[in-house]
Amino acid sequence: MPAAPIADNNNNNGNNNTSTNPDDPAVLPAAWTRLRDMVAARTPVDGRTDTLYPGLRCYRFSHPIRYEKTQRLTPGVVVVLQGRKTAYLGGDRSLAYGATQCLVLGAEVACLGTVVGASAAAPYLAIHLDLPPDVLVKSVLALAEGGGGDGGAGRGDAPPAEPARVREHFTAPVGPEVVEAFARLLLAADDPVDRRTLAPLAVEEIVLRLLRSEAAAAIRSASAVTKAGARIQTAIGFMRRHLGRPLSVAEIASHVHMSPSHFAHSFREVAGVTPMRCIRDLRLEEARSLMLGTGLRPGDAAAQVGFESAAHFNRAFRRRFEATPAEYVRRMQAG
């Protein structure tokens with residue numbers, strides 16, 4: 001959650017490798033300025049603004065500030081459109097990035113963000129997309145079947161040798177194709193029909209393009225996905241179909257013909273989160289959709305998606321969406 005403002009020391013710890021000044025709008029390509037203006041129009045106040053599409057949210061801060069997430073973040077990508085930020089990811093690890101760069105989160109992580117470049121005239125603006133585990137698996141399998149790999153995908157090049165251990169979180173430049181896909185996703189999120197039909201296609205495009213870029217190594221170990229990907233994809237589909245009843249790791253593992261321990265390890269390796277975290281997040285997103293789309297009351301939505309306790313649902317919802325269910329619905333309807 002937001003903390004007290006801090007002084008802007010303009011220090012990026014030497015980690016920002018952009019060749020342009022991220023505070024100068026004049027140097028940004030047209031695709032960036034378009035998406036930046038779209039995010040600015042959708043963030044009337046400082047802080048987090050969720051869209052109606054699951055996992056897609058925007059941020060605005062008009063002054064330097066430390067921003068501590070109330071949840072452990074799942075795999076995702078944060079694209080900065082204006083300003084600069086440093087992310088602290090536990091231990092001594094910090095990553096600084098600015099406009100024309102993104103932060104790629106390859107696994108579940110606690111995050112403390114410090115916005116170091118922002119002002120009322122040029123606020124920090126960013127867009128964050130959670131990377132759905134099933135889309136990640138589907139995309140990596142498609143690239144593997146097509147013979148594509150990091151950087152060489154789609155050109156018939158052999159995929160490069162995979163490192164023994166990939167870095168799970170890092171910053172990378174973002175190409176205009178990814179930015180344009182984000183713009184299409186943001187537009188599609190505004191319309192109910194487009195949200196169901198076009199938005200998922202934009203998400204798949206974003207994931208595929210990231211997997212064919214420098215971000216690929218952080219998003220997922222390709223060898224881990226190709227070994228167990230089909231079974232993990234099947235497992236996530238099983239979770240989605242049975243959210244309304246109790247689910248255990250043992251039952252899901254049995255459904256995909258794996259031992260519980262092997263399944264839990266493979267799922268974490270492939271999807272970046274534990275199976276139970278994935279189930280909880282799927283339930284929260286489904287409850288959110290029910291409350292916003294059908295007007296279902298929080299308690300009824302919680303019960304319908306498999307939460308056995310309203311109190312547990314309220315705590316989990318608040319951690320993920322930074323508001324109670326009732327507050328969140330009022331904010332989205334007002335907004």
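The analysis underlying the following values was restricted to heavy atoms, covering all of them including side chains, and did not include hydrogens, waters or symmetry mates. Just so we're clear, the structure is a prediction, and the values are computed from it rather than from any experiment.
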Any Pro325 side-chain heavy atom under 4.5 Å of Arg297 side chain: no

Spacing of Leu136 atom CG and Leu208 atom CG [to the nearest 0.5 Å]: 10.0 Å

Shared hydrophobic cluster for Leu201 and Val179 (ILVMFWY, side-chain gaps under 4.5 Å): no

Main-chain N/O of Val116 paired with Thr114 side-chain donor or acceptor, under 3.5 Å: no

Over all atoms of both residues, closest heavy-atom pair of Cys278 and Val273: CB-CG2, 4.0 Å

Pair Arg42-Met38, side chain to side chain contact (heavy atoms under 4.5 Å, CB included): steps then yes or no: CA-CA 6 Å; Arg42 288 163 173 77; Met38 291 171 65; 3.5 Å; yes

Sub-4.5 Å side-chain heavy-atom contact between Val104 and Thr171: no

Asn314 and Thr324: side chain donor to acceptor below 3.5 Å: no

Derivation and outcome, salt bridge (charged side-chain N to carboxylate O under 4.0 Å, His left out), residues Arg196 and Asp194: CA-CA 5 Å; Arg196 292 193 305 270; Asp194 289 353; over 6 Å; no

Arg195 side chain to Ala189 backbone, donor-acceptor under 3.5 Å: yes

Flag, side chain of Ser309 to backbone of Ala311, donor-acceptor distance under 3.5 Å: yes

Closest non-hydrogen atom pair, Glu251 against Pro246: OE1-O, 3.9 Å

Side chain proximity check, Tyr59 to Ile127, heavy atoms < 4.5 angstrom: no

Heavy-atom closest contact (Ala316 atom, Phe307 atom, distance): CB-CE2, 4.4 Å

Test log, rule ring-ring contact (aromatic ring centres under 6.0 Å, His included), inputs Tyr328 and Phe317: CA-CA 9 Å; Tyr328 186 85; Phe317 194 97; 5.4 Å; yes

Atom NE2 of His242 with >12 non-hydrogen neighbours under 6.0 angstrom: yes

Verdict with reasoning, Asp130 to Arg320, per salt bridge (charged side-chain N to carboxylate O under 4.0 Å, His left out): CA-CA 12 Å; Asp130 293 332; Arg320 182 165 179 81; 3.1 Å; yes

Verdict with supporting geometry, Leu292 and Val329, side chain to side chain contact (heavy atoms under 4.5 Å, CB included): CA-CA 6 Å; Leu292 294 177; Val329 170; 4.3 Å; yes

Side chain Ser254, main chain Ala250, donor-acceptor under 3.5 Å: no

Side-chain donor/acceptor of Arg60 to backbone N/O of Thr43, under 3.5 Å: yes

Side chain to side chain, Leu103 and His128, heavy atoms closer than 4.5 Å: no

Backbone of Pro123 reached by a side-chain donor or acceptor of Gln82 within 3.5 Å: yes

Verdict with reasoning, Glu204 to Arg209, per salt bridge (charged side-chain N to carboxylate O under 4.0 Å, His left out): CA-CA 9 Å; Glu204 290 192 15; Arg209 292 194 180 279; over 6 Å; no

Sub-4.5 Å side-chain heavy-atom contact between Arg84 and Tyr124: no

Min side-chain heavy-atom separation Gln304-Glu286 under 4.5 Å: no

Backbone of Phe263 reached by a side-chain donor or acceptor of Ser266 within 3.5 Å: no

Residues Phe182, Val77; criterion side chain to side chain contact (heavy atoms under 4.5 Å, CB included); working and verdict: CA-CA 11 Å; Phe182 263 107; Val77 58; 3.8 Å; yes

Side-chain (Arg283) to main-chain (Leu243) donor-acceptor, under 3.5 angstrom: yes

hydrophobic_cluster_shared for Leu56 and Leu198, side chain cutoff 4.5 Å: no

Worked verdict on Glu180 versus Arg34 for salt bridge (charged side-chain N to carboxylate O under 4.0 Å, His left out): CA-CA 9 Å; Glu180 290 164 0; Arg34 177 175 179 242; over 6 Å; no

Side chain to side chain, Phe321 and Arg48, heavy atoms closer than 4.5 Å: yes

Verdict with reasoning, Lys85 to Phe61, per side chain to side chain contact (heavy atoms under 4.5 Å, CB included): CA-CA 11 Å; Lys85 184 178 181 180; Phe61 290 106; over 6 Å; no

Nearest atoms (heavy-atom pairs only) where Thr33 meets Ala30: OG1-O, 2.8 Å

Close side-chain approach of Cys102 and Tyr97, heavy atoms under 4.5 Å: no

Heavy-atom closest pair, residues Ala202 and Leu185: CB-CB, 3.8 Å

Under 3.5 Å, which donor-acceptor pairs do the side chains of residues 233-240 form with other protein atoms, sequence neighbours left out?
| unit_1 | atom_1 | unit_2 | atom_2 | d |
| --- | --- | --- | --- | --- |
| Thr234 | OG1 | Ala230 | O | 3.0 |
| Arg240 | NE | Asp134 | OD2 | 3.1 |
| Arg240 | NH2 | Asp134 | OD2 | 3.0 |

